[in-house]
There are 2 protein chains.
Amino acid sequence: MKKKLSIVDIANQLNVSKTTISFILNGRAKEKRISEELVERVMKYVKEVGYKPNSLAKSLRTGKSNTIGLMVEDISNPFFASIARLIEDRAYKNGYKIIYCSTDNDTHKTQELITMFRDRHVDGYIMAPPEGIEEDIIALLKDGMPVVMFDRHLPMVNTDYVEIDNLFSTYNATRHLIDQGYKNIAFVTFASEQTQMKSRVQGYKDALGASNLKQNILEVVFNQNEDLIIEPITDFLTKNKKLDAVLFGTNHIGTCGLKVISAMELSIPKDLAVISFDDYDVFKLHSPPVTAIAQPVEEIADNVITVLLNKLNARMEAQRPQSITLKTDLKIRKSSLKIK
Amino acid sequence: MKKKLSIVDIANQLNVSKTTISFILNGRAKEKRISEELVERVMKYVKEVGYKPNSLAKSLRTGKSNTIGLMVEDISNPFFASIARLIEDRAYKNGYKIIYCSTDNDTHKTQELITMFRDRHVDGYIMAPPEGIEEDIIALLKDGMPVVMFDRHLPMVNTDYVEIDNLFSTYNATRHLIDQGYKNIAFVTFASEQTQMKSRVQGYKDALGASNLKQNILEVVFNQNEDLIIEPITDFLTKNKKLDAVLFGTNHIGTCGLKVISAMELSIPKDLAVISFDDYDVFKLHSPPVTAIAQPVEEIADNVITVLLNKLNARMEAQRPQSITLKTDLKIRKSSLKIK
């Protein structure tokens, strides 16, 4: 690889001090009373030789790289993909670049990614954290690195996070099914200790409890391979013939669930009413359209970036961690309405 | 921020030479005949004080960061999101981390991202390049940086790329519609000078030409705001009542197209047969299911990573750039079959 030209090389070549070159390149010529003639000569030379300041070297001096590390669970999930995109847009408009990675909910991989981001001098972190990463995040915070979480939080870590009201969201969706007259309502979710997933199942339980209805919960194991999610759902729906409605706990499970229902040739909502967490094109374009708990993705992205930028621009000690909880929107469509 | 412990600090503390510490930490103790007792003492101390080698500093020495920069057009597009995810998985299994960004098809933003990746010492680049970025990529290649393109290529840049057979894909899909008896077939695409988009429209034209059928092409402007795509498609379908089939040039246009068709209450395929480029859940779960040109996303990801790893592991000069063209699969579903 070609050796990069340094400020020292330029200084030697032009017979001007390194400090003077540095002042000129950093736009401080006027302040330092450097002659216009010299500024012009340096800038002309710099352009000729194609000198580009190394912004990482600059970040080592200034302590700022204007880069933010973003860790999502799985970039191929439409919820995370759209959030990542919106965060990237908003950061870019504020002069920050985002570099992102998928954690795959894997603690070890996440630790490696944190190390990589750290070595690359990111100014701050945005993450949907997996379980077991508490100590690593506490270490970042101790070193004064801002960390904002979204989608979920870690109860043992005292830092900023942006979440939605998961418990009320599933409570409200389950209530809607009960109000429509459904009595055997299932909840299909991922087996998880994460805060958002625990709240979602709790909301479902609370709504059933208030109406003295029986719980029917299926927990499937998170897996990239769709077949390993479709299989247990098929089993569950085959064995529980009495079910008249089902609430899916995430968009991924919802999509798999629709595939199962289609393969079993069940009619929605006649044989089985359906609601899914998260709203996206698959649910909107489905026949019949699927009732969905829509997360306010734009608002989540806005809040995450605002909280992080505030941290980056202010003295850390001045601020106590914020937790922001946003409301979801139950988009009622044909899939959950009772056919009279 | 807490000052990081350096090798010099450890050497001073243990009264051992810096070089010896370095050999031990880099796993070369045996080779350098350093006593096991000393190795144990150093490793114990390193663990106690929580010393972590700075891998960026290491990359500055070794010239390797084991990081690859990936630039997609738009991470919220399911095609790019799934490719990014698969590339990330395969790279990770080979000891590489991927950091990615969306170019938004914006040349200036892409230039900034290249600079950022460069400053962060990525070992190589994978990109779906926007137009106008030729010189920047040529500059990377001149400096010995491996660059692999996918989804499209830049005819003026002599580097590796992985593509699909775009021309044959749309030729074949259009042929299928003609064989079904459709005579007024439209093609809705993005206005673009990119190689893949030019080939897609050419395949459509060639198939119509061979059967002496009239072209009906609508080019919409690439936009994040879906309404600005839905509007011209609505106009187009309203004004061209004679159309009996439509081929959508990308998944994003296809999804917008389905929304228009649903809003206009046209019946698929009775009023209008439909095929879309790219296959994903929206098309599979649609009623009726939508015929789609499925890109071999796993194969694309595999080939991109294999080509890049070969470049990284071999002497660059030994290799001539490869161009790999993969086949697509026309998934014929109800939306394009003629109702007799």
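Every chain is numbered from 1 and lettered A, B, ... according to where its sequence line falls, protein lines coming before strand lines.
Among residues 254-268 of chain B, the residues having any heavy atom closer than 4.5 Å to a heavy atom of chain A are, in sequence order, T255(B), L258(B), K259(B).
Residues K97(A) and T115(B) fail the side-chain proximity criterion, which asks for heavy atoms closer than 4.5 Å. A heavy-atom distance below 4.5 Å is not found between the side chains of I98(B) and C101(A).
Across T67(B), I75(B), I99(B), the residue that shares the most heavy-atom pairs under 4.5 angstrom with chain A is I75(B). When D89(A), V282(A), N77(A) are compared by the number of non-hydrogen pairs under 4.5 Å with chain B, V282(A) comes out ahead. Between chain A and the options D104(B), L113(B), L86(B), heavy-atom pairs under 4.5 Å are most frequent for D104(B). Considering only heavy-atom pairs separated by less than 4.5 Å from chain A, the leading option among S102(B), P78(B), G69(B) is S102(B).
Few gaps surround NZ on K109(A); more than 12 heavy atoms of other groups in view lie less than 6.0 Å from it. Around NZ of K284(B), the count of heavy atoms belonging to other residues, nucleotides or ligands within 6.0 Å exceeds 12. Summarising the local packing, CD of E226(A) is surrounded by more than 12 heavy atoms from other residues, nucleotides or ligands at distances under 6.0 Å. More than 12 heavy atoms of other residues, nucleotides or ligands lie within 6.0 Å of CD in E134(A), so this atom counts as buried by the packing criterion.
With sequence neighbours left out, the ring-ring contact (aromatic ring centres under 6.0 Å, His included) criterion links Y280(A) to F283(A). Under the ring-ring contact (aromatic ring centres under 6.0 Å, His included) criterion, F222(A) pairs with F190(A), sequence neighbours left out. In this structure, T103(A) has no side-chain hydrogen bond (donor to acceptor under 3.5 Å, both in side chains) partners at least two apart in sequence or on a different chain.
Remark: E112(B) CD to N66(A) CG distance equals 10.5 Å, nearest 0.5 Å. With rounding to the nearest 0.5 Å, the separation of CG in D281(B) from CG in D281(A) is 11.0 Å.
Residues S82(B) and S76(A) come closest through the heavy atom pair CA-CB, 4.1 Å.
In this structure, chain B has no heavy atom under 4.5 Å from any part of F80(A).
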